[in-house]
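A quick write-up on the structure given underneath.
Each chain gets a letter, A, B and so on, in the order its sequence line appears, and its residues count up from 1. Nothing here was measured: the structure is a model prediction, and the numbers come from that model.
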Amino acid sequence: MSERNSEAFLVGLEFEGTGVHPHSWRREDSRAEELFTASYWVDLVTAADRGGVDLAFFPDSFALQAEGRQATRGRLEAVATAARLSAVTSRIGLIPTATVTHTEPFHISKAIASIDFSSSGRAGWQVEVSDTDVEVSLFGRKTLQSNESLWEEASEAIEVVSRLWDSWEDDAEIRDAATGRFIDRDKLHYIDFEGKNFSVKGPSITPRSPQGQPLITVDASRLEARELAVQRGDLIRISASDVNEASATARLVHDHAAKIDRCVRVLLDVDVLLGADRGAADDALAELEEWAAAPYVPKSLFYRGDSAGLIALLREIRGNSGLDGVVLRPLALASGVEKIAADVLPELNLRPRTGPTLRERLGFELPVNQFA
Amino acid sequence: MTQNRIRKQVHLGAHFPGVNNTTVWTDPASKSQIDFSSFEHLARSAERGLFDFFFLAEGLRLREHQGKVHDLDVVGRPDTFSILNAVAGVTTHLGVAGTINTTFNEPYELAKQFSSLDHLSDGRAAWNLVTSSDAFTGENFRRGGYLEHSQRYARANELVDAVRTLWDSWSTDRPLVDRERGIFATDQQVGQFSHTGEQFDISGRFELPRSPQGHPVLLQAGDSDEGREFGAAKADAIFTGHGTLDAGKAFYADVKGRLAKYGRTHADLKILPAATFVLGDNAADAQEKAYQIRRQQVGPQTAIAFLEQVWGRDLSQYDADGPLPKEDPTDDVNITRGRVRHVKDPRAVADQWRAKSEAENLSIRELIIEVTARQQFVGSAAEVAAEIDSYVQSDASDGFILVPHLTPAGLDEFIDTVVPELQDRGSFRTEYAGTTLRSHLGLRHPHEQAEGVRAS
């Protein structure tokens, strides 16, 4: 089990549309016209990469967003977006959401492993379920499942993906001209998974990727996902209304993980709206709420104000031993990324982490192959 | 000049050398088939050579021989979508085409994945659609081998229709962004779709605006009558194996002849056979190189494995440099699984092969080298350019998808020497005229094609 480094403090960013506020597209600086172009995503994520953001999260769902009139609608596939960015960024971790309810774990396993190859070891996967009738109708193959069934299936999917990632040993490719063998087939493994929801034979078509096991992220802000998060997650996202509550939750998660000999990193979601000062941020929020004709309901701790205030809040969170970092969720993405990269991160004096892969930079050990 | 302007243009695709025995891995120049640097190398070379597209094949289960993972050829490949998106990031004009199976994917996710690839590549995506009913492959998927062989095209046809419905579900190419009036999309019902058929019953709202190409380019591989009809009805390009000039002309005429009943014109469908090539300083030098490459492709163990596929039994006691077995084949022709090479009548094939090897005094390995030969262009750069051009000018093809035998630098010599020859002939572009794959291939926007159908 890896030791958590209390000095390490991870900063992730949620790359959601024009921002997590569904009406953020109406801001003059939103770049809404470019939402479905590569240049929009490349600009924002490379700025975050250069600015020292550790992790880029790309949320996704099969359902079209439906937050009322005048809200942003439409989303590029998160796995595709992460892959598009993989060869043009250098340090940032790329963590797309891929849902497991209507998809094939075999496809997910090779898709994430391939991003791990194209990013030289910077891929992760945020596991999600599809829990609406709307999504059921898009696929037409299943009926709506209970929460329990959804997360049980998710657990099976993670098990399949994890086994597929290990189904090639690292040195399976031998290129032995004397015997004519390209691989040593004894180092490839059928996973022979038999579960309640599906069975998968294996091995993967894709060799073991640079990280071996790309980082698995689970959003544990929903209680029904928390058990799975501790059992299966490397990065665990939590929500809280203040730092004390976040700290208590983080300690619970860490204690639980320690009992089953797992090392996890707990990241607190923080909704963020930055302005030149508190007044400007308040005005920006009022504008968004007016467009939405509804008050903004933050997902988690909500910071609005100037960059200095965010820096102080992040120092407070860092000083709290239970939390390993944050996932900043800008309400307005383009301006948020710019300010966070230019003004906030330099002030935190984050130590550049070293290690050839994301997993190593985050202090996780390289995983031992379960089949070797 | 006038002649140059009207000369039929050659289209070229760059096939990433993959999992097959044509990819020579014993050569010191052979590098990784999985590190991204290899995909990047081939893609950048192909773009430098002004190719139409980069092509990535797919396999969803590792091949087996005699019940064990086949270990003689290159093994290990990536996810098609992830690598095409990454390749789009390191190129600017090159099309990104990949194989995706219609059996083990659902229309909604495919529509989203290909639309995303087309958006993220600024209009360079292509889908090579293959069908499968293979229970062997199905063992890696939730539904297993659920599809009857005869239903492959039924599902593929309906799947393409459903995917197109989804691609067309937003009424404009880009969402209208009207900050003043607070209008993001054109209307509140954006993306609404419904498709009900034998294979799928789906409805809801799609998540993406029309992609830059309207529809990603559709490639199709498959040579049965059903496959040809499917290609004529729906594909933008057909990826064939018809190598010889006469076979190519016959196929070309047959498939293009089927277009009219679908309201389509000859220009709406390109015929692009796969081809390998070997270049030398002169014809003799190239022939010698080709001979050496064939021996690398068919090593003694590979020759025996090919023979075992026909004989249906273990022949490991035989010497590849010796004569064919005297014993007869069994009826088990599924000794190799995970690739399309099922021999229907093994005894007849064995008799043919025996006759050939006796008449020409061929060892097992020499025979296999002969009978597994694929279309290839062998010669000096000028000769190869002339031959490729003659295929295209005589309507045996519209170009070729080139399969180099080395990863990843196997196209470099072709690009440096044959491409200029083709350009000198006026048969190949000297710069990209547009930025989308449809533009490179001279294909109309799908909605213009649909207009044509309505008008006719």
Side-chain angles (χ1 to χ4, degrees), chain A residues 25-26 28 32-33 35-38 62 64 69-77 79-81 83-88 102-104 106-107 110-111 113-115 117-118 120 134 137-141 168 173 175 177 179-185 188 197-198 200-203 205-207 291, chain B residues 25-26 34-36 40 59-62 68-69 71-79 81-83 85-86 88-90 104 106 108-109 112-113 116-117 119-122 139-142 174-175 177 179 182-185 188 190-191 200-209 299-302:
Chain A
W25 70 269
R26 281 185 79 170
E28 285 302 321
E33 293 83 353
L35 185 57
F36 303 102
T37 66
F62 285 119
L64 184 69
R69 289 200 72 232
Q70 305 170 348
T72 332
R73 286 192 182 81
R75 187 143 57 187
L76 291 161
E77 198 213 12
V79 173
T81 307
R84 174 65 179 77
L85 291 159
S86 60
V88 297
H102 299 287
T103 47
E104 296 285 356
F106 192 86
H107 288 322
K110 63 187 163 62
S114 297
I115 298 174
F117 276 107
S118 58
S120 304
V134 166
S137 302
L138 300 174
F139 285 83
R141 275 171 59 182
W168 290 55
E173 186 181 314
R175 299 194 185 223
T179 60
R181 292 180 306 147
F182 182 80
I183 48 157
D184 177 353
R185 60 185 163 207
L188 266 51
N197 297 278
F198 40 78
V200 175
K201 179 78 181 171
I205 60 161
T206 308
W291 287 328
Chain B
W25 54 262
T26 47
I34 193 69
D35 289 346
F36 185 69
E40 184 170 2
L60 297 174
R61 173 109 189 240
L62 297 184
K68 293 176 182 162
V69 172
D71 57 0
L72 300 175
D73 300 341
V74 170
V75 186
R77 48 175 133 208
D79 177 74
F81 285 115
S82 289
I83 291 305
N85 275 299
V90 296
F104 300 108
E106 296 301 310
Y108 189 90
E109 63 181 336
K112 183 171 178 182
Q113 287 169 317
S116 294
L117 179 64
H119 279 291
L120 288 168
S121 64
D122 300 311
E139 285 186 310
N140 280 334
F141 296 95
R142 288 174 190 250
R174 294 244 174 251
V177 177
R179 288 183 175 75
I183 298 170
F184 179 75
Q188 294 303 308
V190 64
F200 310 107
D201 181 6
I202 56 175
S203 61
R205 296 175 71 185
F206 187 55
E207 293 166 273
L208 283 163
Q301 297 89 348
T302 294

Chain A contact via [X] - which portion, at a heavy-atom distance below 4.5 Å:
{"X": "B:E106", "value": "side chain"}
{"X": "B:F141", "value": "both"}
{"X": "B:T26", "value": "side chain"}
{"X": "B:I34", "value": "both"}
{"X": "B:D201", "value": "backbone"}

Output the option from [options] having the highest count of non-hydrogen pairs under 4.5 Å with chain A.
{"options": "B:E139, B:R77, B:Q113", "value": "B:R77"}
{"options": "B:G204, B:G89, B:G59", "value": "B:G89"}
{"options": "B:I83, B:D79, B:L117", "value": "B:D79"}
{"options": "B:A88, B:S121, B:G182, B:A86", "value": "B:G182"}
{"options": "B:V75, B:D122, B:V90", "value": "B:V75"}
{"options": "B:V177, B:V69, B:N140", "value": "B:N140"}

Note, [X] side chain near [Y] side chain (heavy atom, < 4.5 Å):
{"X": "A:F106", "Y": "B:R142", "answer": "no"}
{"X": "B:T302", "Y": "B:L72", "answer": "yes"}
{"X": "A:H102", "Y": "A:L138", "answer": "no"}
{"X": "A:F117", "Y": "B:D35", "answer": "yes"}

For B:R179, is there an ion pair with A:E33 - N to carboxylate O distance below 4.0 angstrom?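 Counted as a salt bridge, because a side-chain N and a carboxylate O are separated by less than 4.0 Å.
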Most heavy-atom pairs under 4.5 angstrom with chain B, which of [options]?
{"options": "A:R84, A:H107, A:K201", "result": "A:R84"}
{"options": "A:L64, A:T81, A:V200, A:V88", "result": "A:L64"}
{"options": "A:I205, A:V79, A:L76", "result": "A:I205"}

Quick one: what part of [X] sits under 4.5 Å from any heavy atom of chain B, side chain, backbone, both or neither?
{"X": "A:L188", "value": "side chain"}
{"X": "A:S118", "value": "both"}
{"X": "A:W291", "value": "neither"}
{"X": "A:S120", "value": "neither"}
{"X": "A:L35", "value": "side chain"}
{"X": "A:A177", "value": "both"}

Nearest 0.5 Å please: distance from the [atom1] atom of [X] over to the [atom2] atom of [Y].
{"X": "B:N85", "Y": "A:I115", "atom1": "CG", "atom2": "CD1", "value": "8.0 Å"}
{"X": "B:W25", "Y": "A:R181", "atom1": "CH2", "atom2": "CZ", "value": "9.0 Å"}
{"X": "A:F62", "Y": "A:E77", "atom1": "CZ", "atom2": "CD", "value": "7.0 Å"}

Contacts of type ring-ring contact (aromatic ring centres under 6.0 Å, His included), residue B:F36, not counting sequence neighbours: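 Once residues adjacent in sequence are excluded, B:F36 has no partner under the ring-ring contact (aromatic ring centres under 6.0 Å, His included) criterion.
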Measure the acute angle between the ring planes of B:H119 and A:F36, then classify it against the limits of 30° and 60° as parallel, tilted or perpendicular.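 Taking A:F36 first and then B:H119, their aromatic rings sit tilted (interplane angle of 30° to 60°).
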Taking it one step at a time, do A:K110 and B:L60 satisfy side chain to side chain contact (heavy atoms under 4.5 Å, CB included)? CA-CA 10 Å; A:K110 63 187 163 62; B:L60 297 174; 3.8 Å; yes
For A:E173, which residues count as a side-chain contact (heavy atoms from CB on, under 4.5 Å) partner, sequence neighbours excluded?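 For A:E173 the side-chain contact (heavy atoms from CB on, under 4.5 Å) partners, ignoring immediate neighbours, are A:R175, A:F182, B:Q33.
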